[in-house]
*Asks:* 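Supplied in structure tokens, the structure appears directly below.
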Amino acid sequence: MKIERLLSILVILLNKEIVSAEELANKLEVSKRTIYRDIESLAMSRIPVVTIHGRHGGVGLMPSYKMDKYLFSDEEKLQIIEALKMQNNMMQIDNQILIEKLENLRESEESYRNFSFYSPTIHREEIEIETKEKLKISREAMAHHKKMKIKYISFTGEVTNRVISPYRISLKDGNWYLDAYCDHRKDNRIFKLTRIRECILLEEGYFTTKENELSLAANYEVVELLFHRDQLGKLYDFFLEEEIEIQKNDIRVTFEYDCNKNLIPFLLMFSSSVEVIKPKELKEKYYKELNKIYKKIKDDKQLSYIP
DNA sequence: ATGCACCGACAATACAGCCG
DNA sequence: CGGCTGTATTGTCGGTGCAT
């Protein structure tokens, strides 16, 4: 009977912040004195019971005990720690104390250092440091609803000075982007962090407006490319097993791609080791780009040895 | 001042184990 | 089996101390 009551008290305490001895006594149909003896038994079993004196006082459990024994399993705590570490490494969010608290709550002593988010993007280490600084300013701007003044270089090299109100940071295809309302364009725009050359946090605040999704409707088309055999290793960075067809001398890759997005920079990564089979429009666009490069080399007088 | 946790002392009750 | 004894559990009472 006593054991059953002790368990009942434990369950009640796990579900409530503070319970008075009288409430427990009424619920379990015993006297308050018995409840106090039970609490003493729980405390002797190393269950961290805390009591609060005075008005609105009562009996409760240490919050860490609830977290430790009731809410999360060791595995679940580990997952939270990993997510926090990722936030810490990638976003420079100072949550070290929280991570340590959670690590202390884990049953297992084994430290979890199998994950590293040291360099999450495709950029050089120096660029990564610069980007993290921009991320920090952007986060601060979003947290305090402050505007930012930026110098931005567009894809085509056009330089503009803008005042923006950022509302979202995203990591896509190895690059950081900032979604923001642009005072200059009077519309929402997406800014690639590496192309933000100067960035200052302004005192001027902004009101949160409804975020507009800046995505055009996807328009998928089948793309077929032919790669040189020696590109196979690189191809697995971008394509699925079923999209790659290994042939005798080359590799045929067939995949669906949103033709609103520019595929040319990707193709140029493979220099002469790639050939566009279809669609025809992409092939033409690609050759046009190659022609531009060829013309540039041909016109360079310093390179007299080029035929 | 009041409400509540907390505790000691003592009594009542229930139950198990032992013995004749 | 019935009585005795020891132990565990619980309730009552009265008091102390702390927080509001």
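Because the structure is a prediction, the values reported are computed rather than measured. Values reported hereafter were calculated over all heavy atoms of this structure, with side chains retained and with hydrogens, waters and symmetry mates removed. Residue numbering restarts at 1 for every chain, and letters A, B, ... go by the order of the sequence lines.
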*Asks:* How would you list, by chain and number, every residue that makes a side-chain hydrogen bond (donor to acceptor under 3.5 Å, both in side chains) with Arg33(A), sequence neighbours excluded?
*Replies:*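 Residues passing side-chain hydrogen bond (donor to acceptor under 3.5 Å, both in side chains) with Arg33(A): none at all.
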
*Asks:* Rounded to the nearest Å, what distance is computed from the CG atom of residue Leu13(A) to the P atom of nucleotide dA5(B)?
*Replies:* 12 Å

*Asks:* What is the distance, rounded to the nearest whole Å, between atom CD1 of Ile39(A) and atom P of dA5(B)?
*Replies:*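 One finds 10 Å between P of dA5(B) and CD1 of Ile39(A), rounded.
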
*Asks:* Rounded to the nearest Å, what distance is computed from the CD atom of residue Glu40(A) to the P atom of nucleotide dC7(B)?
*Replies:* 7 Å

*Asks:* Please check the phosphate of dT9(C) (OP1 and OP2 only) for any side-chain N or O of Arg5(A) closer than 4.0 Å.
*Replies:*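 Answer no for this pair, as no side-chain N or O of Arg5(A) is under 4.0 Å from OP1 or OP2.
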
*Asks:* For nucleotides 8-10 of chain B, list the nitrogen or oxygen atoms of the protein found under 3.5 Å from its nitrogen or oxygen atoms, one pair per line.
*Replies:*
from   : atom 1 : to       : atom 2 : distance (Å)
dG8(B) : N7     : Arg33(A) : NH2    : 3.3
dG8(B) : O6     : Arg33(A) : NE     : 3.2

*Asks:* What pairs with Phe270(A) under ring pair (Phe, Tyr, Trp, His ring centres under 6.0 Å), at least two apart in sequence or on another chain?
*Replies:*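 In terms of ring pair (Phe, Tyr, Trp, His ring centres under 6.0 Å), with neighbours along the sequence ignored, Phe270(A) is linked to Phe227(A), Phe266(A).
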
*Asks:* Apply ring pair (Phe, Tyr, Trp, His ring centres under 6.0 Å) to Tyr177(A) and list each qualifying residue two or more places apart in sequence or on a separate chain.
*Replies:* none

*Asks:* Return the value, rounded to whole Å, for the distance between atom CG of Leu24(A) and atom P of dC4(B).
*Replies:* 14 Å

*Asks:* From CD of Glu22(A) over to C1' of dT12(C), roughly how many Å is that when rounded to an integer?
*Replies:* 15 Å

*Asks:* So, OP1 or OP2 of dG11(C): does either fall under 4.0 Å of a side-chain N or O from Ser31(A)?
*Replies:* yes

*Asks:* Show which residues join Val163(A) in its hydrophobic cluster (side-chain heavy-atom contacts under 4.5 Å, direct or indirect), or state none.
*Replies:* Leu202(A)

*Asks:* Please confirm whether Tyr152(A) and Phe191(A) have ring centers closer than 6.0 angstrom.
*Replies:*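 Yes, ring centres under 6.0 Å apart.
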
*Asks:* Return the value, rounded to whole Å, for the distance between atom OH of Tyr36(A) and atom P of dG11(C).
*Replies:* 14 Å

*Asks:* Just how far, in rounded Å, is P of dA19(C) from CD1 of Ile18(A)?
*Replies:* 14 Å

*Asks:* Can I get a per-line list of side-chain donor-acceptor pairs under 3.5 Å for residues 277-284 of chain A, giving both atom names and the distance, sequence neighbours left out?
*Replies:*
from      : atom 1 : to        : atom 2 : distance (Å)
Lys283(A) : NZ     : Val276(A) : O      : 3.4

